[in-house]
Amino acid sequence: MATGASRSMKQTLYSQVAVPVPVKGPFSYEVPEALLPFATPGMRVRVPFGGRRLVGTIVAISPSLPDGVSDAQVRPLLDCLDPQPLLSATHLALSGWMAETTMSSWGEAIRTSLPAGLEMVGQRRVVLTPEGAAWVEMGREEVVQSYEPPPGELPLGPPRAAPSDRRRMLERLVEHGGKGLKLSEIAKYLEGTSVCALAYSLMAEGLVRVEDEWSDGIGGRWQQALRPADGVSREAALAATSRAPAQRRLVYVLWDHDSGLARTAAIRAADCTQQAVRALIEKGLVATFRVAAEDTSAPAWTGDADGAGTFDLTSAQLAALEQIESALIGGASRPLVLHGVTGSGKTEVYLRAALGVVERGRSAILMVPEIGLTPLLEHRARAVLGDRVVVMHSGMAKGQRIESWWRARRGRVPVVIGPRSAVFAPLPDVHLIVLDEEQDGAYKQDESPRYHGRQVALRRAELEGAVAVLGSATPAVETFHGARSGSYGYIELPERVASRPLPEVRVVDMREAFQSSGRTLLSAELEGAIAERLERGEQSLLLLNRRGFAASLLCRVCGERVPCPDCAVSLTVHRQRRSLVCHYCDHRQPVPIACPHCGAEQLHEMGHGTQQLQQSLEALFPAARCQRFDADETRRRGAHGRILSAFSRGELDILVGTQMLAKGHDFPGVTLVGIVGADDALGLPDFRAAERTFQLLTQMAGRAGRGDLAGTVVLQAYKPDHYAIRAAMAQDYDSFYAEEIEFRRRLAYPPYAALIACVCRGKSLPALKEEADWLAAAVREAGGQEVRVFGPASPVLARLRGFHRMQVLIKGDSGERVRNVLNESLERCVAAGRMPRDLRIDVDPLNLM
DNA sequence: AGCACGCCGACT
DNA sequence: GTCGGCGTGCTC
């Protein structure tokens, strides 16, 4: 049949299809005649791919095949999955851009931009319309496509005599009566045909109805509904049920909701059983129809949310809102940086801006770094926007996530809240995209495609003419650089609302603390400060960014630390479990008595973790209620929220935690924040170490004194003179930025350079080294003077989960240039048969470990 | 990523 | 004699 089509006079069309595999695409497929009306960019299609069938997306249609693809290679599309393209032109452009800039395949980019489970198409139900039934009864058959052979060629033979697929589908439906058939059931009878496209063709002719997420149902979930039968009055119905009280109750309910009510809802409202419903249907008083089961997750908004939406804005907030508004209305689509200290009321500004957007009939996306922060924002957003908000993230149940997606896609709700994936929300007319805490590393996905939510948000805003707002108390260095250079607009909220003072910050020099008293964990100053809070009944928050009891187990005879067998790191001592734990692969083993390296029995615990800090505090302050808050303590479901709310309610005096503490959540009763190892991260071999330290310290400092009480912050550091510490102490972003940007410029790091990190993995170290050598050589050859290549070198994690790793770092002055060089290098590797087997490419890496 | 094809060890 | 281990190559 494919040959018949290709030999006909008709022009064959080809589609370029992006498939969700990590191989360079897209792939070309012939468009069979039956799918011609459907084959347009953005359409989801089922395609044969090697030995399997995949759902891909048409990204282009062309009358000829691209270079290098021959007719013999191409196979036809199998089916089209939707009545219209699922992906908008913007969505296609955005995912294509993302694939290009992250060096992943377009199909993978599309896959990550859609919620999982969207391809469950078999649940859609096809129902015959009266027109369709009549069509079958009259035995009408469509005109067989008349075939005209090209001049000089013989006809291929008579047209197929078999009844056409459309007739078979319709007849099948007639046999099955009113409630129709699921596409998956139809597919069993019409094997090898494009059942989905066929159903939609019949729908276009008015012969069937398809109950799907396009027409109304959410994720294919429909339910039966009841309404008064035509021409039956309430009085007549009551008269006919005079001796059946349950049925009468149902009559009252249904005639009160005469536009229809879901069967389950009607039964609940009338407090009756299925029997009563069945009886009314049998008596012909009640008719049934099907409605979409939807909006089950939309909670009716009740109550307030800390006054969100009701505050009078401060003059700074008003000015900020005004600037955002004028960008929105003026159509100037330059991104805006909203720089506001912790507690300056940024959220209120975003929400008012979103409200304006919604009132003008357009949509907005509000992004937070982590799923865990969505409830807080949702709560406040609902106070301002009511039920015009939907949350979308991967932690939700599958059905709910799909439902939210379709609600957004169908324009039923104009505001989406979520983590980085929310940037792909299928809202029709996005006019505002807000990233809260834009500096947060969680916006970057750490698996392929390694995209940064901020970059995608900026690109989407550009494509849609929307305004991107990047909000932060400590903007990323790249972001602030953009503001300084004028690429972004800049808005500042310099003061805390309600004129709460910024906390007082003191730095303790741990070198002196050790010299004077031998203390390495808690300085006398910090201990004294905690004691004061306990006396006054106030709360303390202590940060130590390392979980476990001790960082490592050191042998005092041979000097080795007990290592992880699978990773190139030392194991952490966990006293609770009486074990050594790897924080990278979760390997566990009992604490040894003797050194596994030399056998000596002089193992010593080095470095402090949260468990040890908690133990020390309990020894010092036996009466204090002290709780730990780290990945170990919050592993159990709900523990996270339980601990935080107990602390908020004042049931705890001291909370000891890792950087998990720094995110979100206000603690009004906290008047002391202690940061035990404020400069721990400065030792990491990473160009962002100072930036991360400054951000963490500033965020933690912001946790002090948010209520009516003034706050104090105590930083313990061995390098108190480092600019990140000094700037955090002075709470002076500008001075930090001035130092940091100079460092980046001098050493040619972002934003003055673009980086790509290539990590090769392998079981055998010599083979891996050879692969990495070839890659680095290819990059050097392809790059010439344009880029600098570092490595191959062992990254900090030279071995991880049993795999050796080698890193090649490429640096150049523009992202595009570095990507081009790497692409060319990879082609050279392939040509030489030296393509690394297990290669991960990280464009703009956030860390180089 | 899958999946198929292909070439070498421990088993019904 | 086979079942199956995962190395290698390919997917329009």
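Below, chains carry the letters A, B, ... as their sequence lines are ordered, and counting in each starts from 1.
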> Between C/dC10 atom P and A/R75 atom CZ, what is the distance in whole Å?
16 Å

> If you take any heavy atom closer than 4.0 Å to DNA chain C, which residues from residues 41-56 of chain A end up in contact?
A/P48, A/F49, A/G50

> Let me know the distance between CG of A/L77 and P of C/dC12, rounded to the nearest Å.
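Nearest whole value for this atom pair: 12 Å.
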
> Can you tell me how far P of C/dT11 sits from CD of A/E108, to the nearest Å?
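It is 18 Å, rounded to the nearest whole Å.
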
> Give a yes or no on whether A/R53 atom CZ has more than 12 heavy-atom contacts from other residues, nucleotides or ligands under 6.0 Å away.
no

> Rounded to whole angstrom units, what separation is found between the CG atom of A/D838 and the C1' atom of C/dG7?
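In whole Å, C/dG7 C1' lies 14 Å from A/D838 CG.
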
> Is any side-chain heavy atom of A/W97 closer than 4.5 Å to one of A/V456?
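Result yes, sub-4.5 Å side-chain heavy-atom pair found.
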
> Using atom CH2 of A/W106 as one end and atom P of B/dA1 as the other, report the distance to the nearest whole Å.
22 Å

> Determine the contact category for A/V74: base if any of its heavy atoms lies under 4.0 Å from a base atom, sugar-phosphate if only primed atoms, P, OP1 or OP2 are that close, otherwise nothing.
sugar-phosphate

> Could you label the plane-to-plane angle of the A/F424 and A/Y451 rings as parallel, tilted or perpendicular, counting under 30° as parallel and over 60° as perpendicular?
perpendicular

> In whole angstroms, how far is the P atom of C/dG7 from the CE atom of A/M835?
19 Å

> Under 3.5 Å, side chain of A/Y443 to main-chain N/O of A/L435, donor-acceptor pair present?
no

> Report the nucleotide, chosen from C/dT11, C/dG9, C/dC12, that has the shortest atom-to-atom distance to any side-chain atom of A/V23.
C/dT11

> Does A/D844 pair with A/R454 as a salt bridge, N-O distance under 4.0 Å?
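The answer is no: the pair does not qualify as a salt bridge.
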
> Atom CZ of residue position A/R409 - does it have more than 12 heavy atoms of other residues, nucleotides or ligands inside 6.0 Å?
yes

> Take atom CD of A/E447 and atom P of B/dA1, then tell me their distance rounded to the nearest Å.
11 Å

> Rounded to the nearest Å, what distance is computed from the NZ atom of residue A/K24 to the C1' atom of nucleotide C/dG9?
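Rounding to the nearest Å, NZ of A/K24 and C1' of C/dG9 are 18 Å apart.
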
